[in-house]
Amino acid sequence: MFRKIVILIGVVFFMALILFTGMMFLKNETEVYSEGGIALAIEKPTFFTLSDAKQTEVGTDVTHAYEITLFGLSLGSYTLVERTLENEVKIVFEEVTNTGWMPFAVSLNTKNLEEAKVKSWNPEPVQQTQDDTYGADPTINPYGTITTGEDEILQGNLYVSRPITLGNGEAVNELRHEIPSLTLEEGQLAKSFWLPPKHEMQTWFMLSPEPFFASEADEDKWISHALQNRREQLNWLTPEGPLVKIPLTEDLRTEMAYDVIDERTQDAVSAEWNQTAPSLFFESMILNAKATTK
């Protein structure tokens, strides 16, 4: 009897070791998007299965929704929304949710970026300031622009958050991590992250067949302004609108709580800048606000 117990424990341990190895070291890629010269793939543990996409189209948005499973058990989802603006610029929103019981690692890889030129939108540390109404916002500018061939990409950071409900019943996102350090090697931009249970991750990128700014000097001017005026750059874009800091309340969780605020969604800052310093970037942000509020 004792021998059988030892054998059973050994088998369970061996199976757990195989599962752990598959979770930690064995990966595979599935291409989920391509446009022009670039492609987007999701890299996940080998044992994870990505379902066939369920595609829906509403207005300017085409949504591709995938279920993530492990041995038939649902772990979460991956959703890609492609928004085509009136000026033909595209914004691609990505979201990964973990509804399961264990953390997992994922990488969203943008491919075919050989000889790409990267311009950081965070050339210097952000000076965090405390606002009496909204508190401190630790988010920084988007990752930056990536020029490859004729195309230009404006890549956002990654935002890992936890959906929570405040005492007043308001549903918001509690920011846990902003991930600005992405890896561009051998023609591939890797957006890698760990996702805890009951958490979600959002990121985005803007794709244009021409530069977002008329000159590098114009781009530098906006970058500098955004770094010094933290509430004027919308960093955390989602299909429903940008997530921004909400006002502080007695609920301490509002210190890191973000939600869609109609006034900020309108992006009056981009409209103002586009009047004095027109650019494809400001025009695209204005059109994105228009598409969001339809």
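Along the sequence shown, residues carry numbers from 1.
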>> What verdict does the ring pair (Phe, Tyr, Trp, His ring centres under 6.0 Å) test give for Y258 and Y134, after you've listed the backbone C-alpha separation in whole Å, the side-chain angles of each residue and the deciding distance to 0.1 Å?
In response: CA-CA 10 Å; Y258 291 71; Y134 295 93; over 10 Å; no
>> Determine whether W121 and F212 satisfy the following criterion, ring pair (Phe, Tyr, Trp, His ring centres under 6.0 Å), listing intermediate values before the conclusion.
In response: CA-CA 13 Å; W121 275 34; F212 288 106; 8.1 Å; no
>> Quick one, M285 with L85, criterion side-chain contact (heavy atoms from CB on, under 4.5 Å). Give me CA distance, side-chain angles, the key distance, then yes/no.
In response: CA-CA 9 Å; M285 293 295 287; L85 304 177; over 6 Å; no
>> Checking the side chain of R83 only, and the main-chain atoms of P239 only, is there a donor and an acceptor separated by less than 3.5 Å?
In response: yes
> Is there a donor-acceptor pair under 3.5 Å between the side chain of N141 and the backbone N or O of N122?
Replying inline: no
>> Taking the side chain as everything from C-beta on, heavy atoms only, tell me whether P196 gets closer than 4.5 Å to V160.
In response: yes
> Given the rule in the side-chain contact (heavy atoms from CB on, under 4.5 Å) test, do W236 and V244 qualify, once you have shown the distances and angles that lead to the verdict?
Replying inline: CA-CA 7 Å; W236 187 350; V244 297; over 6 Å; no
> Is a side-chain donor or acceptor of E178 paired with a backbone partner of I140 at a separation under 3.5 angstrom?
Replying inline: yes
>> Counting C-beta onward and ignoring hydrogens, is there a side-chain heavy-atom pair between K119 and D220 closer than 4.5 Å?
In response: yes
> Are side-chain heavy atoms of F104 and V96 found at a separation under 4.5 Å?
Replying inline: yes
Show every donor-acceptor pair shorter than 3.5 Å between a side-chain atom in residues 65-77 and any protein atom, with sequence neighbours excluded, or say none if there are none.
residue : atom : partner : partner atom : Å
E67     : OE2  : S74     : OG           : 3.1
S77     : OG   : T97     : OG1          : 2.7

> Does the K191 side chain pair with the main chain of N157, one donor and one acceptor, at a distance under 3.5 Å?
Replying inline: no
> With no hydrogens and no angle check, is any side-chain donor or acceptor of W204 less than 3.5 Å from a backbone partner on N235?
Replying inline: yes
> Counting N and O atoms only, with roles assigned by atom type, does the side chain of S215 sit under 3.5 Å from a partner on the main chain of D218, one being a donor and the other an acceptor?
Replying inline: yes
>> Checking side-chain polar atoms at under 3.5 Å, does N109 have a donor or acceptor matched by the opposite partner on S107?
In response: yes
>> Distance check, rounded to the nearest 0.5 Å: L237 atom CG versus N288 atom CG?
In response: 6.0 Å
>> Restricting to non-hydrogen atoms, name the atom on A291 and the atom on T60 that form the minimum distance, rounded to 0.1 Å.
In response: CB-OG1, 3.8 Å
> In Å, rounded to the nearest 0.5 Å, how long is the span from CD of E94 to NE2 of H64?
Replying inline: 11.5 Å
> Heavy atoms, side chains only, cut-off 4.5 Å: are Q202 and F93 in contact?
Replying inline: no
> Judged by atom type as modelled, is there a donor-acceptor pair below 3.5 Å linking the side chain of D267 to the main-chain atoms of A289?
Replying inline: no
> Hey, are the side chains of D131 and R230 touching, using non-hydrogen atoms and a 4.5 Å cut-off?
Replying inline: no
> Would a hydrophobic clustering, with Ile, Leu, Val, Met, Phe, Trp and Tyr connected at side-chain separations under 4.5 Å, put L182 with L184?
Replying inline: yes
> Which class fits the ring pair W273 and F282: parallel under 30°, tilted 30 to 60°, perpendicular over 60°?
Replying inline: tilted
>> Using the side-chain hydrogen bond (donor to acceptor under 3.5 Å, both in side chains) definition, which of the options E216, E152, E219 pairs with T145?
In response: E219
>> Please evaluate residues L207 and V92 with respect to the criterion side-chain contact (heavy atoms from CB on, under 4.5 Å), reporting the C-alpha separation (whole Å), side-chain torsions for both, the decisive distance (0.1 Å), and the verdict.
In response: CA-CA 8 Å; L207 178 63; V92 176; 5.8 Å; no
> Counting only heavy atoms not in N229, do more than 12 sit closer than 6.0 Å to its CG atom?
Replying inline: yes
>> Run N173 and Y159 through side-chain contact (heavy atoms from CB on, under 4.5 Å) and show every step you take.
In response: CA-CA 10 Å; N173 282 65; Y159 299 91; over 6 Å; no
> So which heavy atom on I246 is nearest to which on I261, and how close?
Replying inline: CA-CD1, 4.3 Å
> Is a side-chain N or O of T292 found less than 3.5 angstrom from the main chain of G241, in a donor-acceptor match?
Replying inline: no
